[in-house]
Structure formats: C-alpha cells, structure tokens
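For reference, the structure is listed below as structure tokens.
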There are 2 protein chains.
Amino acid sequence: MDQTKMRILSAAAKLFDIYGYKGTSVRHIAEEAQVNSALISYHFQGKQGVLETLIASYFDTLFRLVEEQEIEYRDAPPYERLEQIIGLYLRFQCEHAPITRLIQRELSVESMLAREVLTLYISRWKHGLSRVIEMGITSSEFQPVSTDRIVLAVISQMTYPFLQAQMVRQVYDLEPYSEEFALWQQASIMRYLRACLLDA
Amino acid sequence: MDQTKMRILSAAAKLFDIYGYKGTSVRHIAEEAQVNSALISYHFQGKQGVLETLIASYFDTLFRLVEEQEIEYRDAPPYERLEQIIGLYLRFQCEHAPITRLIQRELSVESMLAREVLTLYISRWKHGLSRVIEMGITSSEFQPVSTDRIVLAVISQMTYPFLQAQMVRQVYDLEPYSEEFALWQQASIMRYLRACLLDA
DNA sequence: GTCTATATGGGGATAGAC
DNA sequence: GTCTATCCCCATATAGAC
C-alpha cells in the first residue's frame with residue numbers, strides 16, 4: 001500500500017473517530033492527510049470506500065491474531081483460553097481505539113453497511129468468545145449457561161468504556177487507554193465469568 | 001406543550017435514533033411529523049434545538065423518578081436500594097429507548113453539546129448509582145472497593161445492549177426490549193455486584 | 001402559528017490537464 | 001498519480017405573505 005493511501009486512511013480514522021463518519025468531510029480528510037481531495041475518490045471510490053477499507057482491515061488483522069493464538073493455546077484448558085482471548089480482544093481494542101470507536105458507533109445506525117458488518121464480522125467476533133465457553137460447558141468445566149447472554153455481558157464490559165472514552169475520562173476520572181485500566185478491566189470481566197461459569 | 005411541538009419531537013426522536021443526528025435532515029423530520037419544515041426552526045431555533053430539548057426532557061424525567069424513588073426507599077438497606085435503582089434505570093432506558101440510543105451515540109463524538117451533557121447530566125446519572133454503593137461501603141455492608149470502576153462496569157452492562165440493539169437481535173438472537181431480557185440483564189448485573197461487593 | 005419561496009453554504013464526486 | 005476547476009445536489013435557516 002503506497003504512502004498516499006496510508007496517509008488518507010490514518011487521517012480518516014482519526015477524524016471519523018473524533019467527529020463521526022457523517023461529521024467528517026472529504027475535504028477535511030484531505031487536509032489532515034495533506035493530500036489533494038480528489039485522490040480520495042481516486043483511490044477509494046469515495047468516502048464510503050475509505051470507511052469500508054478501514055473496517056475490513058481492522059477485522060482482518062484481528063481475526064489473524066485470533067487464529068494465531070488459537071493455535072498457540074490449542075491444548076490449554078478453557079478457563080485459560082478464555083483469559084487469553086479476552087486479553088487479546090482488550091489489547092486490540094486499545095491499540096486500534098479510533099477504529100474500534102468508529103465501528104461501534106456506526107453499527108448503531110441503520111444502514112446497509114452496518115448490516116453487512118454485523119453478518120460478516122461481528123458474528124465471528126462473538127464466536128471467538130462463545131466457542132471457548134461452549135467448549136468449557138461441553139467438558140463440564142463450566143456451568144451450563146446461556147452462552148449468548150454471557151458473551152453479550154462480557155462484550156459490553158469490554159467495549160463500552162472505549163466507545164465512551166470521553167465519559168470515562170471526564171466523569172469517572174479514569175484513563176481508558178492506560179495499562180492500569182486494561183488490567184482492572186480484565187480482572188473485572190474474569191471475576192464476572194467466574195461468578196457465572198464456575199460458582200453454582 | 002402544543003401538539004405541533006410534540007409531533008416534531010417524537011418524529012425527531014425516532015429518526016435521530018434510526019439514522020443518527022447528522023444523518024437526519026430537518027426536511028425528513030418535518031415530513032415524518034407531517035409538519036411544515038420551517039416550523040422546526042420557529043419552535044426550536046433549528047435542528048440542534050430539537051436535540052437539546054429531547055436530551056433535557058429525557059434527563060429531567062429520569063432524575064424526577066430517581067428522586068421519587070429515593071424518598072420511597074429512604075430506609076431500605078443498600079443492597080435493596082441498589083436493586084431498585086438499577087431496575088429503575090433499566091426500565092427507563094427501555095421505555096425511552098430511542099433517546100437513550102441517540103444520547104449514547106452522540107456522546108461518543110467530539111462536540112460542545114457532548115461535553116455539556118457529560119457535565120450536566122451524566123455525572124448525576126452516575127452519582128445515582130455510586131452514592132448507594134458508597135453508602136453500603138460506609139456501613140460496612142459492602143467490601144471497600146473502587147466505586148467508580150464498579151459503576152462503570154454496571155453502566156456498561158446496562159447500556160451497551162440497548163445501544164447495539166440491532167447487533168443483539170441479529171447476532172445474539174435476543175430481543176433487548178423484551179421483559180425476559182430485562183429480567184436477565186438485572187439478574188446478571190446483580191450477580192456481578194454480589195461478586196464484587198459481598199464476596200471476599 | 002403556519003405557509004411558500006428562497007438565500008446561502010457545504011457536501012461529494014469528477015472531467016480533463018499535467 | 002496528482003492537481004485544478006467545477007458541477008450538481010442537498011442541507012439549514014429565514015424573509016415575508018397569510
């Protein structure tokens with residue numbers, strides 16, 4: 001990928017994150033990327049193409065990492081695998097915070113794109129967690145519970161603080177991108193999971 | 001409030017929810033409300049005025065309900081009060097789902113309005129929960145924990161499934177506005193709180 | 001309070017030169 | 001691949017008649 005395309009993508013990611021997709025103009029992206037505005041249509045067939053490229057590469061990278069980790073922890077017990085996958089998701093969200101926020105926000109509006117992202121990517125994103133839980137239930141290491149509901153609760157705790165980073169900073173006096181926050185978040189989620197999956 | 005203003009407000013709430021604030025035009029609101037588009041500027045000084053009115057009345061209603069409940073449960077033990085306030089927040093979110101989604105989405109974009117909502121309303125929204133937890137800690141009924149972090153985890157579990165209602169329906173096969181979902185959500189949050197506040 | 005008509009600006013996209 | 005100039009559309013907001 002040549003330099004111009006990269007500059008456009010990172011400028012767009014930054015501005016979409018801050019002002020939203022509709023709140024960001026092609027001209028503004030071009031200015032931030034220090035690139036002529038016509039190049040955005042040339043390289044990405046328009047503003048929506050930029051968004052789609054960002055989303056696709058976000059999930060492609062994530063799923064590649066998940067696959068690598070699944071091979072590495074193939075023989076680990078479910079609880080440990082759960083801990084690992086949650087750690088991976090959290091780290092990834094934090095390292096790709098602008099696009100995470102962008103995706104989560106745009107998913108909540110009605111659009112063709114949102115529906116496609118849900119079916120193409122989000123179900124697989126969820127599956128990364130639910131398969132590990134189901135594995136633990138099958139092997140009787142976890143209580144038999146409604147996997148979907150548990151996964152939804154976990155994803156809520158993982159994702160909401162990143163989406164509402166300004167709220168977290170301003171109202172909760174916490175820094176959502178700090179190492180300390182990530183550690184607490186993981187500990188909190190694992191405590192929840194123990195209460196659901198291990199205790200009666 | 002006369003009928004025209006009401007029609008505009010409910011049309012706007014519906015469309016802002018579905019298409020987002022920026023994704024909704026004044027013309028579209030007027031059409032949905034079956035009202036002349038000039039009346040929106042006349043009654044609310046523009047599109048942003050409609051949004052501000054919706055947000056203000058949402059929180060005014062919520063805080064009124066919270067105050068009423070605080071009087072009613074004045075002498076109840078902290079755990080029961082916690083259960084009550086969470087139930088109230090959940091019911092309110094569900095009954096005012098479009099505006100809840102709208103607010104949560106728009107909060108995540110950088111704007112003057114978002115900052116004002118955070119300082120004016122969200123801190124008080126959080127306080128409704130944190131004061132009950134702090135009360136329980138003071139009376140030694142709860143473990144001494146970081147209230148802010150717990151409240152953030154609770155709010156995440158309460159709010160994210162409503163914001164991402166389409167995801168919940170399409171990927172999790174759950175209906176976020178159903179009675180059954182609300183019951184499970186409350187039970188799940190209380191289980192989390194017991195694990196944090198009561199157990200070692 | 002409500003309407004019509006319109007002013008004014010900004011948006012995304014592209015044709016065509018280099 | 002990159003730039004300039006421009007087209008066309010749609011948005012918000014308002015002036016002024018009723």
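Because only heavy atoms are used, hydrogens play no part in the values below, and waters and symmetry mates are left out as well, while side chains stay in. Everything quoted here is computed from the prediction, not taken from an experiment. In what follows, every chain begins at residue 1, and chains take the letters A, B, ... in the order their sequences are listed.
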Side chain of B:Tyr42 (C-beta onward), nearest among D:dT2, C:dG1, D:dA13: C:dG1

Can the ring centres of A:Tyr58 and A:Tyr121 be said to be less than 6.0 Å apart? no

For atom CD of B:Glu31 and atom P of D:dA11, their distance in whole Å: 11 Å

For B:Lys47 and D:dT14, what is the distance between atoms NZ and C1' respectively, to the nearest whole Å? 17 Å

Verdict with supporting geometry, B:Leu39 and B:Phe44, side-chain contact (heavy atoms from CB on, under 4.5 Å): CA-CA 8 Å; B:Leu39 291 177; B:Phe44 298 100; over 6 Å; no

Using the ring centroid of each side chain, check whether A:Tyr160 and B:Tyr160 are separated by less than 6.0 Å. no

Check A:Arg64 with A:Glu68, please: is the shortest side-chain N to carboxylate O separation under 4.0 Å? yes

Could you state the atom-to-atom distance from CG of A:Leu39 to C1' of C:dC18 in whole Å? 14 Å

From CZ of B:Phe44 across to P of D:dT14 the rounded distance in Å is 16 Å

Sugar-phosphate, base or nothing in reach of A:Ser37, heavy atoms under 4.0 Å: nothing

Return the value, rounded to whole Å, for the distance between atom NZ of B:Lys5 and atom P of C:dT2. 11 Å

How is B:Ser25 classified with respect to the nucleic acid when contacts are heavy atoms under 4.0 Å: base, sugar-phosphate, or nothing? sugar-phosphate

Between the base of C:dG12 and the side chain of A:Arg27, is there any donor-acceptor pair under 3.5 Å? yes

Send over the distance from A:Met6 CE to D:dG1 P, rounded to a whole Å. 15 Å

In this structure, how many angstroms lie between the P atom of C:dT2 and the CD atom of B:Gln34, rounded? 14 Å

In terms of side-chain heavy atoms of B:His43, which of D:dT4, C:dG1, C:dA13 is nearest? C:dG1

Below 4.0 angstrom from OP1 or OP2 of D:dG1, is there any side-chain N or O of A:Asn36? no

Check every atom of C:dT14, C:dC3, D:dT14 against the side chain of A:Ser41 and return the nucleotide holding the closest atom. C:dT14

A:Val26 has a side chain; which of C:dG12, D:dA13, D:dT2 sits nearest to it? C:dG12

Write down the atom of A:Arg115, the atom of B:Gln170, and the distance for their closest heavy-atom approach. O-NE2, 3.7 Å

What's the closest nucleotide to the side chain of A:Ala38 if the choices are D:dG1, C:dC3, D:dT4? D:dT4

Round to a whole Å and report the spacing from NZ of B:Lys22 to P of C:dG11. 9 Å

